[in-house]
Peer 1: 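To start, I am sharing the structure in question, which I have written as structure tokens.
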Amino acid sequence: MPRYFFNLRTPEGFHLDIDGLVLDSLNAAIKQAHVAAELAMEMGEGRTEGCFEIEDGARLLVATVPFKSIPTQSAVTSPQFGI
């Protein structure tokens, strides 16, 4: 089975995956990146964005999975005013 690497690019920087994962196919790797992106957005506070750059075993870029989470107005706490 092939090995895939999931490098993470965010506005804060680039994180190189040195271990990778052995998966059945490129489709399985893309699904794995989607799961990781969903977790990153759930754990992030405020705006969360980035891109998983999937490389194959030869370290060639084979897919990208971008993600972005922007808080909605309802998620922002309204200021409280006392009378």
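A quick note: this is a predicted structure, and the numbers were derived from the prediction, not measured. Any value given below was found using the heavy atoms of this structure, including those in side chains, with hydrogens, waters and symmetry copies removed.
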Peer 1: Counting distance only, does the side-chain N/O of R3 pair as donor-acceptor with the main-chain N or O of D19 below 3.5 Å?
Peer 2: yes
Peer 1: Would you confirm whether Y4, through its side chain, and G20, through its main-chain N or O, come within 3.5 Å as a donor-acceptor pair?
Peer 2: no
Peer 1: Might you point out which heavy atoms bring F52 and A36 nearest each other, and give the distance in Å?
Peer 2: CZ-CB, 3.7 Å
Peer 1: So do L60 and E55 actually touch side chain to side chain, heavy atoms under 4.5 Å?
Peer 2: no
Peer 1: To check you understand the geometry: which heavy-atom pair defines the closest contact between T64 and C51, and what is its length?
Peer 2: CB-SG, 3.7 Å
Peer 1: How far apart are the C-alpha atoms of T10 and E49, what are their side-chain angles, what is the distance that settles it, and do they pass the side-chain contact (heavy atoms from CB on, under 4.5 Å) test?
Peer 2: CA-CA 6 Å; T10 67; E49 65 181 294; over 6 Å; no
Peer 1: Within the side chain of D17, is there an N or O that forms a donor-acceptor pair under 3.5 Å with the backbone of N7?
Peer 2: no
Peer 1: Mind listing the closest non-hydrogen atom pair of L23 and A29 along with its distance?
Peer 2: CD1-CA, 3.6 Å
Peer 1: How many angstroms lie between CZ in F67 and CE in M41, if you round to the nearest 0.5 Å?
Peer 2: 7.0 Å
Peer 1: Applying side-chain contact (heavy atoms from CB on, under 4.5 Å), run through H34 and V65 and close with a yes or a no.
Peer 2: CA-CA 7 Å; H34 277 277; V65 177; 4.0 Å; yes
Peer 1: Any chance you could measure L61, atom CG, to I54, atom CD1, to the nearest 0.5 Å?
Peer 2: 8.5 Å
Peer 1: Which distance, rounded to the nearest 0.5 Å, do you find between the NZ of K31 and the OG of S25?
Peer 2: 7.5 Å
Peer 1: CD1 of I18: more than 12 outside heavy atoms within 6.0 angstrom?
Peer 2: no
Peer 1: Establish, for the pair R59 and F5, whether the NZ or CZ atom is under 6.0 angstrom from the six-membered ring centre and no further than 45 degrees off its axis.
Peer 2: yes
Peer 1: Would a single hydrophobic cluster contain both F6 and L26, if residues Ile, Leu, Val, Met, Phe, Trp and Tyr are joined by side-chain heavy-atom contacts under 4.5 Å?
Peer 2: yes
